[in-house]
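All of these numbers come straight from a predicted model, not from anything done at the bench. Any value given below was found using the heavy atoms of this structure, including those in side chains, with hydrogens, waters and symmetry copies removed.
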Amino acid sequence: MFVLILKKLSYICFLCLCLFFMLAWWVKKGLGLLSFFDGKMDGFIRGFHDERLISIAKVISHLGSYRFCLLLTLILALVLLLNRYYLTSFVLFSAFIGTRVLRNFFKDVIERPRPEFSLIKNHGKSFPSGHILYASMFYGFVLCIIWYVLMKNRNKGMAGFACLLFVIILSSVGASRVYLGAHYTSDILGGFFLGIACLTFTFMVLIQIWKKGWH
């Protein structure tokens with residue numbers, strides 16, 4: 001069972017890394033097709049201009065902020081520690097900090113400027129989206145745990161709902177970042193691919209630990 005899961009996770013991780021590096025290369029080269037795609041998608045998302053939507057977008061965007069996701073990660077890591085899942089807690093926290101390191105590294109390498117249109121103050125470069133990267137890592141980790149428990153109890157309906165909720169959260173955070181002018185759509189995709197790659201790699205490490213009977 002563990003071997004099959006590891007194999008599937010390795011495929012997903014490899015695919016997401018390939019997609020991320022391909023997208024990063026296109027962004028670095030300033031590919032015209034990518035600019036066209038961003039222009040169309042960004043224009044569509046930002047077309048729904050409304051003061052109330054701006055306030056809602058700011059709240060949703062906060063769900064993927066570094067400080068908020070770090071706080072939630074610390075709380076979850078503490079819960080795992082209290083339940084004697086010492087290694088799992090350490091891997092989770094280390095993986096989340098790792099996403100921050102990767103975010104900073106790739107932003108410095110790609111050096112993509114932020115969109116000129118912006119409704120909020122932005123810092124640093126644009127690609128990839130840190131908010132989506134953090135959200136993919138934390139909410140994805142929680143989803144995998146919930147999904148495993150629900151599937152173990154043969155509750156496929158709730159497991160499917162949990163997956164849908166994960167997609168809604170990520171999509172909402174991503175759309176809010178574009179709407180507020182913090183990112184291009186391709187930045188969101190880049191953050192998602194890198195985030196899922198980090199998430200799957202984290203579970204590959206955890207499965208190796210759990211196989212040995214460690215927690």
Side-chain angles (χ1 to χ4, degrees), residues 1-27 64 69-70 72-73 76-77 79-81 83-106 109-110 127-171 173-174 186-215:
M1 179 182 174
F2 281 125
V3 175
L4 181 61
I5 294 175
L6 279 172
K7 192 174 181 180
K8 290 181 178 179
L9 288 175
S10 64
Y11 287 154
I12 295 172
C13 185
F14 178 73
L15 176 61
C16 286
L17 284 175
C18 287
L19 291 171
F20 171 76
F21 283 114
M22 180 179 68
L23 188 57
W25 185 78
W26 285 352
V27 170
C69 288
L70 176 61
L72 294 179
T73 301
L76 180 56
V79 171
L80 290 170
L81 276 175
N83 285 276
R84 299 183 179 181
Y85 286 90
Y86 304 118
L87 284 174
T88 302
S89 176
F90 174 75
V91 170
L92 168 62
F93 183 72
S94 299
F96 185 80
I97 297 301
T99 62
R100 179 70 171 183
V101 174
L102 288 174
R103 174 256 189 197
N104 293 340
F105 173 76
F106 284 113
V109 170
I110 304 300
F127 183 92
S129 168
H131 279 62
I132 292 298
L133 177 55
Y134 307 140
S136 298
M137 182 66 223
F138 175 75
Y139 297 116
F141 187 91
V142 174
L143 166 68
C144 289
I145 299 299
I146 293 175
W147 185 85
Y148 173 77
V149 172
L150 291 173
M151 290 300 290
K152 191 175 181 181
N153 293 319
R154 297 182 179 180
N155 196 336
K156 294 183 179 180
M158 287 302 297
F161 176 75
C163 292
L164 178 61
L165 186 60
F166 173 70
V167 172
I168 291 174
I169 291 174
L170 281 193
S171 300
V173 172
S186 53
D187 298 334
I188 303 301
L189 292 175
F192 173 75
F193 292 140
L194 185 58
I196 297 301
C198 291
L199 176 65
T200 51
F201 181 77
T202 300
F203 272 96
M204 287 168 66
V205 172
L206 285 174
I207 287 174
Q208 294 289 359
I209 292 173
W210 296 336
K211 275 176 62 179
K212 299 180 184 296
W214 301 339
H215 298 291

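Atom OG of S171 is separated from atom CD1 of I188 by 10.5 Å, given to the nearest 0.5 angstrom. In this structure, CH2 in W147 is found 14.5 Å from CE in M158, a value given to the nearest 0.5 Å. How far CD1 of I110 is from CH2 of W25: 12.0 Å, rounded to the nearest 0.5 Å. The OG1 atom of T200 sits 10.0 Å away from atom CD1 of I207, with the distance rounded to the nearest 0.5 Å. Of the inter-residue distances, the one linking T88 atom OG1 with L80 atom CG reads 6.5 Å to the nearest 0.5 angstrom. Taken from CD1 in I132 to OG1 in T99, the straight-line distance is 12.5 Å, to the nearest 0.5 Å.
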Decide yes or no on ring-ring contact (aromatic ring centres under 6.0 Å, His included) for F141 and F96, but give the supporting numbers first. CA-CA 10 Å; F141 187 91; F96 185 80; over 10 Å; no

Starting from the C-alpha separation in whole Å, work towards a yes-or-no answer on side chain to side chain contact (heavy atoms under 4.5 Å, CB included) for F161 and L150. CA-CA 11 Å; F161 176 75; L150 291 173; over 6 Å; no

Pair L72-V142, side chain to side chain contact (heavy atoms under 4.5 Å, CB included): steps then yes or no: CA-CA 10 Å; L72 294 179; V142 174; over 6 Å; no

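Inter-residue side-chain proximity for I12 and I196 is flagged as met; some heavy-atom pair is nearer than 4.5 Å. Using a 4.5 Å cut-off on side-chain heavy atoms (C-beta onward), I145 and F203 make contact. Taking the side chain as every heavy atom from C-beta outward, F138 and L76 approach each other to under 4.5 Å. Counting heavy atoms from C-beta outward, S186 and L23 have side chains that approach closer than 4.5 Å. Side-chain contact check for L87 versus L206: every heavy-atom pair is 4.5 Å or farther apart. Side-chain contact between C198 and L102: present, with at least one pair of heavy atoms (C-beta onward) separated by less than 4.5 Å. A 4.5 Å side-chain heavy-atom check between N104 and R100 finds at least one atom pair inside the cut-off. Between R103 and L194, the closest side-chain pair of non-hydrogen atoms is not below 4.5 Å.
Heavy atoms only, all atoms of each residue included: M137 and L199 are closest at O-CD1, 3.7 Å. Minimum heavy-atom separation, A77 to L92: N-CD2, 4.2 Å. The heavy-atom pair separating V91 from I209 by the smallest distance is CG2-CD1, 3.7 Å. The shortest heavy-atom contact between G191 and P128 is N-CB, 3.7 Å. When all heavy atoms of G64 and Y134 are compared, the closest pair comes out as O-CD1, 3.6 Å. Contact detail for C163 and L143: the closest heavy-atom pair is N-CD1, 3.6 Å.
Within 6.0 Å of the CZ atom in F166, the count of heavy atoms belonging to other residues, nucleotides or ligands exceeds 12.
No donor-acceptor pair closer than 3.5 Å links the side chain of S89 to the backbone N or O of Y86.
Put simply, the residue from F193, F14, W26, F106 that forms a ring pair (Phe, Tyr, Trp, His ring centres under 6.0 Å) with F20 is F106.
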